[in-house]
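Input: a single structure, listed below in structure tokens.
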Amino acid sequence: MQVDSYLEIFTTMYGWAFANIIGGVITGTGLVALPFALIVFNGWRDAKEHGASEGILPIIEAVTVKLVIAMFVMSVCFATTPATSLLDLNLSHTPSGTGAAGGVTSAAAGSLRGGTQSGFDTAMRDASDGSMSPSGNLSYVPAWWYTVMALSSGTNNAIRNGIRSNASGVRQVEELARVATIEDPKLLHEVQRFYNECQIPARSKYLALPQSALTTAGTTTLASSPGDVDWPGSKFYRQEPGFYDTMRSYNPVPGYAVDFARDKEYIQTSAAAGTPEASYRNPDWGRPTCNEWWTTPTTGLRDKMVGHSSAWTRLMTAASSMLNWSSADERKDAGARLAVSKASPAFVDADRMFGNDHDSVASMGRIIAGGVSTFGLAKKALEASLAMVPLLNGLPMLQALVLMGLYMFLPLITFLSGFDLKVMFLGAVGIFTVKFWAVMWFIANWVDAHLIEALY
């Protein structure tokens, strides 16, 4: 049998584990015979109320039918059997992960018998090895409920497979981008250096340069992307002569060998012994041009930012599957642009350099006023950013927990109904309905992704 998420494996396993414990209490105390005794008692009461006018045979037949139905309901809805064990439970499809957690390892992540390849294996072992309860193995399910669960999962899987137009994981990419960050202090320092040693000089030169001095290619780049000059990896700075092609780092950059054709301030031939220059030693690394520093494969700052962690690689892979980037260069620029925004290069701290023209009271008032003025905007932004997350993550979790509660009390409900045939079918409808929610989440994600793609 198949389920729709790792959490549903857990809640299904323990829902039926608790159900088996409750069922064991009912059978162990002898209460399981009470519904049958009530059927006989009600038959005797009916006979007394109607008298002998109807005869005793119809009453006996009615009681017999009710007993047979109750026995049938008990055997398929209450009594467990090893033939319907949850140890063969497995995932029906690969759930899409979000945020830093990411996705799962495989589409069919194995069964409980062979291991789900997740942390749930250790957590659920006590339900099957007998250590959770004196009842022993708690993974058995009554035949009827097992059949209903299997049919529901099969229906869900068939409907999902029927929608083969793969919905782009736009919300997954959005969440990954939102939580993405650069934690490596060395990489953050290099981003800060590039910002100070390349972007600031290039931007200053651009602002001082007359429009007529720009090349046609540079003018075209700015016309198609006016904000291109406002980030370190600017295509304009990389392509326009006199910018990143000639500008160099102020100091040596680790990973770039000395190039005497470029690093003319370095001494290629050692000075003669006895001269003042004889004691000079070249630095271990060279001073690359800003283009080399940014675009060199592997050692370039752009490649470092795009591939600095597995989470970032997963983000770029997910984004590549849904965004029509025209080239690998454009893909790397997009990843680097996001990384730069997370690195947040610091601008000049005017207060530290020139002093603060506000006293402490005025400064305190300015902080309070700023906080009050932005509270409404921050509140709305928080509501907007959190609005979609519960739909994608919270509702499937709620579904799994509802199923757990449903499974847990099915034996008790079946018993309290007197092993009624109607409860057997109502329970089946309940299970099918709740499990069908997984299809609703799938369709909601599909519609959401396609609407965003259509609108933007």
Side-chain angles (χ1 to χ4, degrees), residues 1-28 32 35 68-93 108-116 120-121 123-158 399-400 402-417 419-436 438:
M1 190 184 68
Q2 298 174 331
V3 293
D4 299 300
S5 67
Y6 272 132
L7 181 60
E8 192 178 339
I9 293 179
F10 184 89
T11 56
T12 299
M13 186 69 180
Y14 278 108
W16 282 111
F18 292 130
N20 285 331
I21 293 175
I22 294 173
V25 171
I26 294 174
T27 55
V32 69
V68 170
I69 291 175
M71 288 290 293
F72 171 75
V73 173
M74 186 190 75
S75 62
V76 298
C77 297
F78 191 85
T80 59
T81 168
T84 53
S85 173
L86 291 177
L87 292 180
D88 293 319
L89 205 64
N90 57 63
L91 287 179
S92 60
H93 76 296
S111 65
L112 297 181
R113 194 185 303 276
T116 64
F120 291 117
D121 291 338
M124 294 185 296
R125 188 173 298 127
D126 59 355
S128 58
D129 64 7
S131 60
M132 179 180 176
S133 169
S135 302
N137 194 323
L138 301 177
S139 65
Y140 300 153
V141 179
W144 173 251
W145 304 127
Y146 188 92
T147 302
V148 172
M149 292 161 60
L151 289 174
S152 300
S153 298
T155 302
N156 291 354
N157 204 24
Q399 174 193 3
V402 170
L403 283 173
M404 181 178 180
L406 184 60
Y407 297 151
M408 186 188 311
F409 295 109
L410 274 177
L412 184 61
I413 295 171
T414 305
F415 164 73
L416 293 177
S417 71
F419 301 122
D420 193 347
L421 197 61
K422 289 187 296 184
V423 172
M424 172 179 168
F425 289 102
L426 287 175
V429 171
I431 292 176
F432 184 87
T433 301
V434 178
K435 285 186 71 67
F436 193 77

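Residue numbers count from 1 along this sequence.
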For this session: Output yes when a side-chain donor or acceptor of Thr27 lies under 3.5 Å from a complementary backbone atom of Gly24, and no otherwise.
Result: yes

Problem set entry | Residue that, paired with Met424, satisfies side-chain contact (heavy atoms from CB on, under 4.5 Å) out of Val76, Thr414, Val148 | Val76

For this session: Could you pull out the closest heavy-atom pair between Val429 and Thr433, with the gap in Å?
Result: O-OG1, 2.7 Å

Exercise. Can you tell if the side chain of Val73 reaches within under 4.5 Å of the side chain of Asp420, non-hydrogen atoms only?
Worked result: no

Problem set entry | Sole candidate of Trp145, Phe415, Phe419, Phe72 that passes ring-ring contact (aromatic ring centres under 6.0 Å, His included) when paired with Phe78 | Phe419

Exercise. Counting N and O atoms only, with roles assigned by atom type, does the side chain of Ser139 sit under 3.5 Å from a partner on the main chain of Ser85, one being a donor and the other an acceptor?
Worked result: no

Seminar exercise, completed: One should read off an interatomic distance between Cys77 SG and Tyr146 OH, to the nearest 0.5 angstrom, of 16.0 Å

For this session: Could you grab the distance from atom CH2 of Trp144 to atom CZ of Phe425, nearest 0.5 Å is fine?
Result: 5.0 Å

Exercise. Between OG of Ser152 and CG of Asn157, what distance do you get to the nearest 0.5 Å?
Worked result: 12.5 Å

Seminar exercise, completed: One should read off an interatomic distance between Leu406 CG and Phe409 CZ, to the nearest 0.5 angstrom, of 10.5 Å

For this session: Dump the intermediate steps for side chain to side chain contact (heavy atoms under 4.5 Å, CB included) on Ile413 and Leu426, then the final yes or no.
Result: CA-CA 11 Å; Ile413 295 171; Leu426 287 175; over 6 Å; no

Exercise. Heavy-atom distance under 4.5 Å between the side chains of Phe436 and Asn156, does that happen here?
Worked result: yes

For this session: For a ring-ring contact (aromatic ring centres under 6.0 Å, His included) with Tyr407, tell me which candidate from Phe18, Phe10, Trp16 qualifies.
Result: Trp16

For this session: Could you check Met408, Met149, Glu8 and say which one makes a side-chain contact (heavy atoms from CB on, under 4.5 Å) with Leu403?
Result: Glu8

Exercise. Which atom names give the shortest non-hydrogen contact between Ile26 and Pro411, and what distance separates them?
Worked result: CD1-O, 4.4 Å

